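Take a look at the structure set out below.
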Amino acid sequence: MKRIFSGIQPTGEIHLGNYVGAIRNWAYLQDDYDCIFCVVDYHAITIEYPVEEMKRRTLDTAIILLACGLTPERSKIFVQSHVPEHTELAWIFNTVTPIGEVERMTQFKDKARQHRANINMGLMDYPVLQAADILLYKAGYVPVGEDQVQHIELCREVARKFNTRFTPIFPEPEELLSMAPRILGVDGQSKMSKSLGNYIGVLEEDDVVWEKLRTAVTDVNRVRRKDPGNPEVCNIYTIHRAFSDNAMLIEIDRGCTSAGIGCIDCKKMLFENVKRELTPVREKARELEKNMDYVVDVLEKGADACREIAHATMEEVRATLGLYPPR
Ligand code: TYM
């Protein structure tokens, strides 16, 4: 069975972009692949964060993954810092990664702009650690949103550089995009993201979700109710595509382009579908919160299984590098 690896940062709150761009897809993929999913806490410390909240955010993120349908029977789910080989392999990869390649990463440039007071080495090294995450398990596929595609390209480059300089032991992994790889925020302009505050949280209450949807930007050229709209440039329609069936999409397309339905009607339909899909996720999350022993157990077992694979890869890597082994 082909192996999949993907990761998510413990920001504590997961938004609709993470959900339809990645996590929901992970849940589908579990039946067909050997899956490893990781809460990447070492990536999260590359920007300022509240130290006292990190433990809670890590557990909350694991809860959401389980609530969205990941199961320990089908996937290994664990916390990155519980398997130290991730950072060990990242160091080795640093020695084959050209600085120019990491400097041109869009995410690095964006983050460097956003966090001017702390442009640290970790921020720059972020995609190298990401390559180590994936290649430590020799994963062939990486299900991510569109914003991560450049990092997966770099991962292939790192694998290629290592393989040609030493011995070819790593695959060149490919990204797997979901059907909604790029969801914009409620501002209709930038990628939905927690840091920009333009997000709708998966666990947010219905009234909060509705308020955010109600005021979300649609086709900016549709000024009056009687103006026809263009679904192709409307972020609400993009989100509809991820939550609504074909019949409804056709109904909206016809209604919007003929001004038969207004944006609020369209948003109400979307709200109902989001609610139908996320209500069970929220219920499951609440249940899991009362059963933290189970959540911790899942993470422990996941880390145990991953440590074994990671250990074997590192033995192979050290031998490949010609390092002097301990007795
Ligand atoms: P993170 O935590 O930012 O996001 C988790 C996943 O959600 C996707 N995503 C989106 N998809 C569609 N529309 C959006 N607006 C949107 N926002 C986020 C992301 O593409 C991602 O798949 N660097 C990674 C974490 C990581 C990783 C890895 C991923 C670390 N190591 C190894 C894959 C393999 C990240 O920051 O994800």
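Every value quoted in this text rests on a predicted model; they were computed, and no experiment measured them. Indexing begins at 1, ligand by ligand and atom by atom, following the structure's order.
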Exercise. Please indicate whether any nitrogen or oxygen in Pro143 is less than 3.5 Å from any nitrogen or oxygen in ligand 1.
Key: no
Quiz prompt | Mutual orientation of the aromatic rings belonging to His86 and Phe78 [parallel < 30°, tilted 30-60°, perpendicular > 60°] | solution = tilted
Quiz item: Of all the atoms in ligand 1, which lie at a distance below 4.0 Å from a heavy atom belonging to Arg182?
Solution: 12 (C), 13 (N)
Quiz item: Can you check salt bridge (charged side-chain N to carboxylate O under 4.0 Å, His left out) on Lys161 and Glu157, steps first, answer last?
Solution: CA-CA 6 Å; Lys161 288 266 196 262; Glu157 170 88 16; 3.2 Å; yes
Quiz item: atom 27 (C) of ligand 1: which protein heavy atom is closest, and how many Å away?
Solution: Gln130 NE2, 3.5 Å
Quiz item: For ligand 1, is any non-hydrogen atom under 4.0 Å from Ile23's backbone (N, CA, C, O), its side chain (CB onward), both, or neither?
Solution: neither
Quiz item: Is the closest basic N to carboxylate O distance between Glu101 and Arg104 below 4.0 Å?
Solution: yes
Quiz prompt | contact_flag His15 ligand 1 heavy-atom lt 4.0 Å | solution = yes
Practice problem: With heavy atoms of Gly21 as the reference, note each atom of ligand 1 found under 4.0 Å away. | Solution: 11 (N), 12 (C)
Self-check item: Numbered atoms and elements of ligand 1 in range of Val142, under 4.0 angstrom, heavy atoms
Solution: 33 (C), 34 (C)
Quiz item: Would one find an N or O of Asp133, backbone or side chain, under 3.5 Å from an N or O of ligand 1?
Solution: yes
Self-check item: Among Ser193, Pro181, Ser6, closest by any non-hydrogen atom to atom 33 (C) of ligand 1
Solution: Ser6
Self-check item: Side-chain donor-acceptor contact under 3.5 Å, Asn221 with Asp227
Solution: no
Practice problem: Compute the shortest N/O to N/O distance between Met192 and ligand 1 and return yes if it is under 3.5 Å, no if not. | Solution: yes
Quiz item: Between Arg286 and Glu289, is there a side-chain N and carboxylate O pair less than 4.0 Å apart?
Solution: no
Quiz item: Is it true that the NZ or CZ of Arg24 lies under 6.0 Å from the centre of Phe243's six-membered ring and within 45 degrees of the ring axis?
Solution: yes
Quiz item: Can the positive tip of Lys76 be found less than 6.0 Å from the middle of the six-membered ring of Phe5, inside 45° of the ring normal?
Solution: no
Self-check item: Protein heavy-atom partner closest to atom 23 (N) of ligand 1 - residue, atom, separation in Å
Solution: Tyr126 OH, 2.8 Å
Exercise. Examine Trp26 against ligand 1 and note whether any of their N/O atoms are separated by less than 3.5 Å.
Key: no
Quiz item: Going by an N to O cut-off under 4.0 Å, is there a salt bridge joining Arg57 and Glu52?
Solution: no
Self-check item: Nearest neighbour in protein (non-hydrogen) for atom 10 (C) of ligand 1
Solution: Gly17 O, 3.5 Å
Quiz item: Taking distance alone, with no angle check, do Gly145 and ligand 1 share an N/O pair under 3.5 Å?
Solution: yes
Quiz prompt | Of Ile252, Leu184, Thr218, the residue whose pairing with Cys234 passes side-chain contact (heavy atoms from CB on, under 4.5 Å) | solution = Thr218
Quiz item: With atoms numbered from 1 as shown, which atoms in ligand 1 lie under 4.0 angstrom from a non-hydrogen atom of Ile183?
Solution: 12 (C), 13 (N), 14 (C), 15 (N)
Exercise. Please write down residue, atom name and distance for the protein heavy atom closest to atom 7 (O) of ligand 1.
Key: Asn18 ND2, 3.1 Å
Quiz item: Are any of the N or O atoms of Gln107 closer than 3.5 Å to those of ligand 1?
Solution: no
Practice problem: Answer yes or no for Lys111 and Tyr126: cation-pi contact, defined as NZ/CZ to six-membered ring centre under 6.0 Å and angle to ring axis within 45°. | Solution: yes
Quiz item: Looking only at heavy atoms, what is the nearest atom pair of Met314 and Leu89, with distance?
Solution: SD-CB, 3.8 Å
Quiz prompt | Where ligand 1 meets Ala22 - atom numbers and elements under 4.0 angstrom, heavy-atom basis | solution = 6 (C), 7 (O), 22 (O)
